[in-house]
Protein chains: 2
Amino acid sequence: MVDSKHRILTHACDLYLADGFDGFSMRKLARAVGVTAPALYRHFESKEDVLLEVVGEAHDELFRTLSHALGGPTPEDRFRRAGEAYLGFALANPRYFQMIHSFTEFMGLDEVPEELSRRACSVGQFWHDRVRECIEAGILKPDDPEGIGLVLWAHAYGLISLYIRGLLPLPEEAFRQAYTDSFRRIMAGLATPEHAEAVNGVHREVKPG
Amino acid sequence: MVDSKHRILTHACDLYLADGFDGFSMRKLARAVGVTAPALYRHFESKEDVLLEVVGEAHDELFRTLSHALGGPTPEDRFRRAGEAYLGFALANPRYFQMIHSFTEFMGLDEVPEELSRRACSVGQFWHDRVRECIEAGILKPDDPEGIGLVLWAHAYGLISLYIRGLLPLPEEAFRQAYTDSFRRIMAGLATPEHAEAVNGVHREVKPG
DNA sequence: GTCTATAATCCGATAGAC
DNA sequence: GTCTATCGGATTATAGAC
């Protein structure tokens, strides 16, 4: 019976990834699983309940991707890889990326369920950890790790969101470049002088006003 | 007849702002207007059509708010006011803010309608203008205005979005402070040395690792 | 107990009378 | 321009089959 639930959830993730939020229905899900729609309500309280578990799967996938960044040899390397992993996850799984950050809007929730609130906080914590060890290694200026982590998270999330939603009229390769450039511009103010110089040394030609 | 359409649109905005996307239905709208549902289809092709015009109203309201920032006396002042106006709009009209940036997800559109794409670009353009005049005034480093504008827009949008969606467990006053702090941290890397020093001079006490 | 089907209710959208 | 009537599809409570 717990097996049935898992099988349904697998199909639910596939359906959401294929058809998106507005294309997701319990009837379609039932057809995919091979049962009638009401049967699903034996395993899940509601459509919302199913989607909330899909959000959980999305989070799991994100953390799987982020965890690869921890294989880097140095704090700076892990930091850089984390940024790349976040972008890579978003471009590889745009629907999961959207679901993770905007399920409250999608399903009209007034407040975030505790389970998912904790998961969201752990994305923030992951960044705080990367920041903290870069501060300790003298790569980032000594500042509040939570504040720095929030700047970086907000920027990366915002930029990727604008792109995924089609609000930045750029092809993917140009967007990857814009992401890198934008990240570098933020780092110019966060890194220690010696690292900031290295960062600024590679920034591209500009029109001098 | 154009008057009827306007009256329906007014009720549509109220209904969306009150009940959100998932609480918005043509039948509810018809009840609010005082007609039956099919009558609405004389004035709007579909529910999607109605909501697209609501997005237009949201954009109008955003630009009305942003335009107040242009009353500042100096480029720096207009720049600062623009940031505050964007935050103020989002906190005063969170549903409009969400609608403006994520209507594609809401209504399952594959691409952004041209009319709204142009409006989104003009938000970007507004920031580019603020950045350009600050560069010319020697407040921001001479860099690509579009690139700088994108960093600022992405960061502000991302941070506000995370908050509105309940992913940052902070009360509003604490969030306003976090927004200001985060903005200042970004500016540290974008402003010219003299202005950056002024900026860094006010940053709060930190634990030195 | 575990699963399924029927049916009530709501939604978006259309057809056709007035 | 608006109504009545109606279709197809959605969620979900209830009652019945294994």
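In the text below, chain A, chain B and the rest are named by the order of the sequence lines, each starting its count at 1. Computed over heavy atoms, backbone and side chain alike; hydrogens, waters and symmetry mates excluded. On a predicted model such as this, the values are computed, not experimentally measured, just so you know.
- Applying the ring pair (Phe, Tyr, Trp, His ring centres under 6.0 Å) test to B:H155 and every residue at least two apart in sequence or in another chain returns nothing.
- If you measure from atom CG of A:D49 to atom P of D:dT12, you get 10 Å, rounded to the nearest angstrom.
- Taking atom CG of A:L29 as the reference point, atom C1' of D:dT11 lies 13 Å away to the nearest angstrom.
- Aromatic rings of B:Y86 and B:Y179 (six-membered ring for Trp) have centroids beyond the 6.0 Å cut-off, not under it.
- Between B:L168 and B:Y163 the shortest side-chain heavy-atom distance falls below 4.5 Å.
- In this structure, B:R165 and B:S161 have side chains that are in contact, with non-hydrogen atoms separated by less than 4.5 Å.
- B:R130 forms a cation-pi arrangement with B:F126, by the criterion of a distance under 6.0 Å to the ring centre and an angle within 45° of the ring axis.
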Polar atoms only, N or O, under 3.5 Å: list the protein pairs with nucleotides 4-9 of chain C and their distances.
unit_1, atom_1, unit_2, atom_2, d
C:dA5, OP2, A:T36, OG1, 2.6

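- Residues A:L52 and A:F44 fail the side-chain proximity criterion, which asks for heavy atoms closer than 4.5 Å.
- Distance B:D22 CG to D:dA10 P: 17 Å, rounded to the nearest Å.
- Atom C1' of nucleotide D:dG9 and atom NZ of B:K47 are separated by 13 Å, given to the nearest angstrom.
- Spacing between atom CD of B:E45 and atom C1' of C:dT14 amounts to 14 Å, rounded to whole angstrom units.
- Within 4.0 Å of A:F44, counting heavy atoms only, lies no atom of the nucleic acid at all.
- Comparing the end axes of the helix from C:dG1-D:dC18 to C:dC18-D:dG1, each fitted to five base pairs by superposing C1' atoms of four pairs onto the next four, gives an inter-axis angle of 10° (nearest 10 degrees).
- Contact check for B:L87 versus B:F183: no side-chain heavy atoms found under the 4.5 Å cut-off.
- Remark: B:D60 engages B:R119 in a salt bridge, criterion side-chain N to carboxylate O under 4.0 Å.
- As rounded to whole Å, 16 Å separates atom C1' of D:dG9 from atom CZ of A:F24.
- The phosphate of C:dG12 (OP1 or OP2) has a side-chain N or O of B:S25 nearer than 4.0 angstrom.
- Summarising the geometry, the separation between NZ on A:K28 and P on D:dT11 is reported as 11 Å, rounded to the nearest angstrom.
- Between A:F21 and A:Y16, the closest heavy-atom pair is N-CE1, 3.6 Å.
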